[in-house]
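Presented below is the structure to which this report refers.
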Amino acid sequence: MSKKLPWAPLGTVLATLLAPLSASADMANYSPVTDARLISPEPQNWLMYRGNYAGWGYSALDQINVDNVGKLTPAWEFSTGMSEGHQAPPLVNNGIMFITTPNNQAIALDAKSGKEIWRYKKQIPDELQQLHPTNRGLALFNDNAYLATTDAFLVALDAKTGKEKWKTAVADWKSGYYMTLQPLVASGKIIVGCSGGEYGIRGFIAAFDAQTGKEIWRTYTVAGPGDPNAGSWPTGKYATGGGSVWITGSYDPKEKLTYWGIGNAGPWMGDTRPGDNLYANSVLALDVDTGKMKGYHQYHHNDSWDWDEVSAPLLIDIERNGKKIPSLVHAGRNGYLWWLDRDQKGKNDIGFVDAWPYVEQNVFTKIDPKTGRPTYDPTKVPATNKTTTYCPSLWGGKDWPPEAYNPKTGLFYIPAQNNLCAELTGEPVKYKAGDLYIGVPLQGILTNVRMTEKAKDHIGEVQAWDISKKKLVWQHNYQYMNWGPLMTTAGNLVFGGGTNDRKFHAFDATTGKLLWEFPTNSGVIGVPSTFEIDGEQYVAVQSGWGVDAERMQGAFNAVLPPEQKNTVPQGGVVWVFKLPK
Amino acid sequence: MNDLQETPPARSTVDAPSCEQRRQALKIAVIGMAGLGLLRHVDASFADEATDKRPQPGDRLVDINGDLAKPLKADDIKLASKPILAFPFDPATKKARDGSRLNKLLLIKLDATVMNVETKARSAAGVLAFSAICTHQGCDVSEFLPEDKNLLCFCHFSKYDPLADGAVTAGPAPRNLPTLALQEDNGELVVAGLLSSAPGAKTNT
C-alpha cells in the first residue's frame with residue numbers, strides 16, 4: 001500500500017490527460033464514409049438509417065443468435081439529458097457511435113465504452129413550436145455528419161469534432177416547415193424532405209451538395225403549375241397541399257433511383273380539395289442526380305383519414321409465378337400491405353403487383369387488380385361537418401416505425417397496430433401561415449380513438465409475412481400499442497421495443513417465439529442497430545418515449561378506465577447490450 | 001455561405017439607426033436576398049419595439065382571428081366556450097403587439113363564483129388570461145375541455161387548470177401556463193400586470 005499511494009494521484013492525472021487524447025486518437029483514425037462503403041456496408045458497422053440502402057434494417061452479424069440471446073446483458077448506458085422522443089438509430093463507424101436527440105442535438109460516443117466525444121446543439125428559435133420533438137439521426141459521408149433540424153436547417157458537422165462546417169436553410173420554419181428525418185446520402189448529395197403538412201406547407205424533397213451545402217435540385221411532392229398532374233388539385237390548393245416527407249428514402253444505386261414515402265394532403269378533409277391530390281399518399285421514384293420523377297404510385301387518393309404514407313418502401317427481389325420481381329414493399333398506414341414492381345416495363349416506372357389488408361380495415365371495398373386503385377365505402381370517408389368512424393385509426397396499421405426484411409428467412413416484419421378505429425369530424429378551416437391547418441376540432445383528436453371488441457385481447461402486433469405467398473407466418477401480440485422500429489439479424493433474430501411497459505424485445509425470426517426482453521428506463525421507440533468491435537457483437541437502441549407514441553397513450557387515457565391508464569416515464573438513454581464473457 | 005445571423009444584431013446607443021430604419025433595412029436585405037435565392041433564416045426579434053413587447057399594464061386585447069384594431073370587451077367572450085386567442089394592443093400606438101408569437105394570449109370566461117380569491121382577483125367579469133404558448137414545446141394552447149374544465153394543447157395533449165393558476169394537470173408540460181391579470185374599463189378588457197413568468201418553452205439547454 002505505502003508504495004502504491006504516491007502513484008495514485010499521478011495515475012489519476014495521467015488518466016485525465018489521456019482520456020481526451022484517447023478520444024482524439026480514435027478520431028485521428030476516423031474512417032471516411034465513402035459511396036462504396038454506403039453501397040456495400042460492412043457488417044461490423046451501421047452506417048445509415050436502416051443499415052443498407054434497400055431499407056432492410058438487417059445485419060449479417062450472427063454472434064448474438066437464437067441460442068444465446070437470452071443471456072444478453074447491458075454493456076453500457078448513456079443518458080442523453082433530453083426528454084421527448086428518441087428515435088435515431090445509433091450509427092457506428094469503426095468504433096465511433098453517432099446519435100441524435102430531440103431538440104436538435106447530435107452526440108458522438110466511443111461505441112465500446114459510451115464515453116462522450118463531442119456534442120453539438122443547434123440553437124432553437126424561442127418562437128418555434130415543435131409538434132414532433134424528435135430526430136431520426138445523422139447522415140455520415142466522408143468526414144462529415146449531417147443533421148436535419150426542426151427549424152428546417154441542414155447542418156454539416158465535422159464528424160471528428162462536432163464543429164459546424166456549414167448550415168443551409170432548407171425552408172422557412174415560421175411557415176411551419178420542419179425536419180425530423182435522417183438525411184439520405186447518395187451519389188455525393190445530401191437529400192432531405194420537409195414535414196409540416198399540419199401547417200399547410202407544400203412538401204418537397206431536395207438535394208444539397210455534400211461539400212458546400214448548395215442546393216442541387218428540389219422536387220415538390222404536391223403537383224403544381226407545370227406538373228402533368230397539377231389537375232389533381234383544385235386551382236391554387238397545391239400551395240398549401242401538405243405532402244410531408246418524414247422518413248429517409250430508400251435507394252437503388254444501380255439504377256440511381258431513390259424512393260420516398262409521401263404524407264397526406266392538407267387540410268385533412270378530402271372534400272376541401274376534390275381530386276386525387278397527387279403526389280400525397282404516394283411513393284415517388286426520383287433520379288438521384290436530377291430529382292426528376294421517374295415513377296410514382298399513389299397508395300390511396302384524396303385522403304381524409306390522416307393516413308400519410310410516411311415510410312419509404314423496402315427494395316426486395318421477390319418471386320412471383322417463377323419470375324423474380326424487383327419489388328417495393330410497404331406496410332401502409334392505410335392498413336394494406338403493398339407489393340409494387342419498381343421496374344415495370346423495364347422503364348423504372350412503378351407498377352402494381354398486389355395489396356391486401358394486414359390489420360382490420362373497413363374503408364376500401366376493393367382494389368383494382370391492374371392499377372391498385374382502391375374504391376372507398378362512402379360511409380367511411382370523413383368530411384367537413386360530418387362525423388365518421390373508420391378503421392384503422394388515424395395512426396394507421398403502421399405509422400413511421402420501419403419494417404424489416406431478413407434475406408435468410410425471406411420474411412418481412414411489420415410493427416403493427418390492430419383493432420383500433422377513429423372517429424373524426426371535419427370543420428371548416430382557413431389558412432394562416434404558421435398556424436395549424438387541419439380542419440378537425442383539436443379536442444376531437446384527443447378523443448378520436450375507438451377500440452374494437454378485439455382490442456380487449458390486444459392492439460400491438462409484430463407480424464412476419466412471406467410476401468410471395470401472401471402468408472402471415474407468425475404474429476406476436478402486445479396488449480397495448482406497438483411503436484417499435486424493427487431490426488432483424490443473421491442470428492435469426494428480430495429486435496424491437498414499442499410497448500408502454502418500457503421493454504425491448506428479441507424474437508426468433510423464424511417462429512416468432514419471444515426469446516428475451518429487457519425493461520429500460522423509458523419506452524423504446526428508437527430504431528435499433530447492431531455492430532461489432534474487437535470481435536464482440538453489440539445491439540444498441542435509444543429508449544425515450546414521446547411524440548406520437550405518447551400522443552396515442554394520451555388518446556388511450558382519454559377513453560380507458562382509470563385502472564388501465566398509463567404514463568410512460570420520459571428521458572433518453574442509449575442502451576448497448578452484449579453477451580457476457 | 002450567406003446565412004443571415006440567427007441572433008438579433010448588437011445594439012448601440014450611439015448613432016444607431018432607429019428600430020424602424022433597421023427593420024426597413026432588414027426587409028430590403030431579405031427581399032434582395034430572396035430575389036437572389038439566398039434567403040436564409042432570420043430571427044431578428046427586436047424586443048424593444050412596441051409590437052414585439054410582451055403584454056404591458058394598460059394594454060387592451062384584440063382577437064388574433066378578428067379585427068386587430070378593435071379592443072375586446074368582456075361581453076365578447078362567451079362563458080365556458082372555445083377560448084379566444086388574442087394579442088395585446090398598445091393603446092398609445094394603436095397597434096397590436098403581434099411581432100412575436102410568444103405574445104399570443106388565451107382568454108376564457110368561467111363562472112366567477114367558483115374561482116378562489118387569487119383567481120378571481122386576476123379575472124375581469126369572469127374572463128381569465130393566460131399565455132397561449134405551451135410550456136412544453138411551444139405549440140398554441142387553444143382548446144377548452146368542458147368535461148374536465150381544462151385547457152388543452154393539441155401537440156402533445158398537455159392540460160392546464162385555468163382555475164388553479166394554469167397548473168399542469170396532464171401531459172408532458174414542465175410548468176404552469178403563465179397567467180396575466182385583467183381588469184375592466186368601460187367593458188373593455190385591460191391588462192393589469194405582467195405575465196406571471198416568461199412565456200414559451202425552454203428547449204435550448
Q) Do A/D126 and B/K202 come close enough that some side-chain heavy atom pair is under 4.5 Å? A) no

**Q.** Residue A/E550 versus chain B: region with a heavy atom under 4.5 Å
**A.** side chain

**Q.** Side chain, backbone, both or neither of B/P146 within contact of chain A (heavy atoms, under 4.5 Å)
**A.** side chain

(Q) To check you understand the geometry: which heavy-atom pair defines the closest contact between A/L128 and B/R101, and what is its length? (A) C-NH1, 4.2 Å

Q) Any salt bridge (charged side-chain N to carboxylate O under 4.0 Å, His left out) pairs touching residues 430-447 of chain A, not counting sequence neighbours? A) A/D435-B/K104

Q. For A/K163, does the NZ atom have more than 12 heavy-atom neighbours from other residues, nucleotides or ligands under 6.0 Å away?
A. no

Q) Looking only at heavy atoms, which two atoms of A/E127 and B/G99 are closest? And how far apart? A) OE2-O, 4.3 Å

Q. By a 4.5 Å heavy-atom criterion (distance strictly below it), what part of B/I64 contacts chain A: side chain, backbone, both, or neither?
A. both

Q) How many angstroms lie between CZ in B/F157 and CD in A/Q553, if you round to the nearest 0.5 Å? A) 11.5 Å

**Q.** Shortest non-hydrogen separation from B/C155 to A/Y199 and the atoms involved
**A.** SG-OH, 4.5 Å

Q | Over 12 foreign heavy atoms within 6.0 Å of NZ, B/K70 | A | no

Q | Choice from B/L145, B/D148, B/N65, B/I133 maximising heavy atom contacts with chain A below 4.5 Å | A | B/L145

Q: Please examine the side chains of A/L131 and B/F154, heavy atoms only from C-beta on, and report whether any two atoms are closer than 4.5 Å.
A: yes

Q: Verify the distance criterion only: is there a donor paired with an acceptor across the side chains of B/H136 and A/E84 at less than 3.5 Å?
A: yes

Q: Decide yes or no for B/H156 and A/P133: does some side-chain heavy atom of the first lie under 4.5 Å from some side-chain heavy atom of the second?
A: yes

Q. So which heavy atom on A/Q129 is nearest to which on B/D140, and how close?
A. OE1-N, 3.7 Å

Q: With a 4.5 angstrom heavy-atom cut-off, could you sort out which part of A/I445 is near chain B: side chain, backbone, both or neither?
A: both

Q | Best-contacting candidate, A/L442, A/D548, A/T150, A/V547, against chain B by heavy atom pairs under 4.5 angstrom | A | A/L442

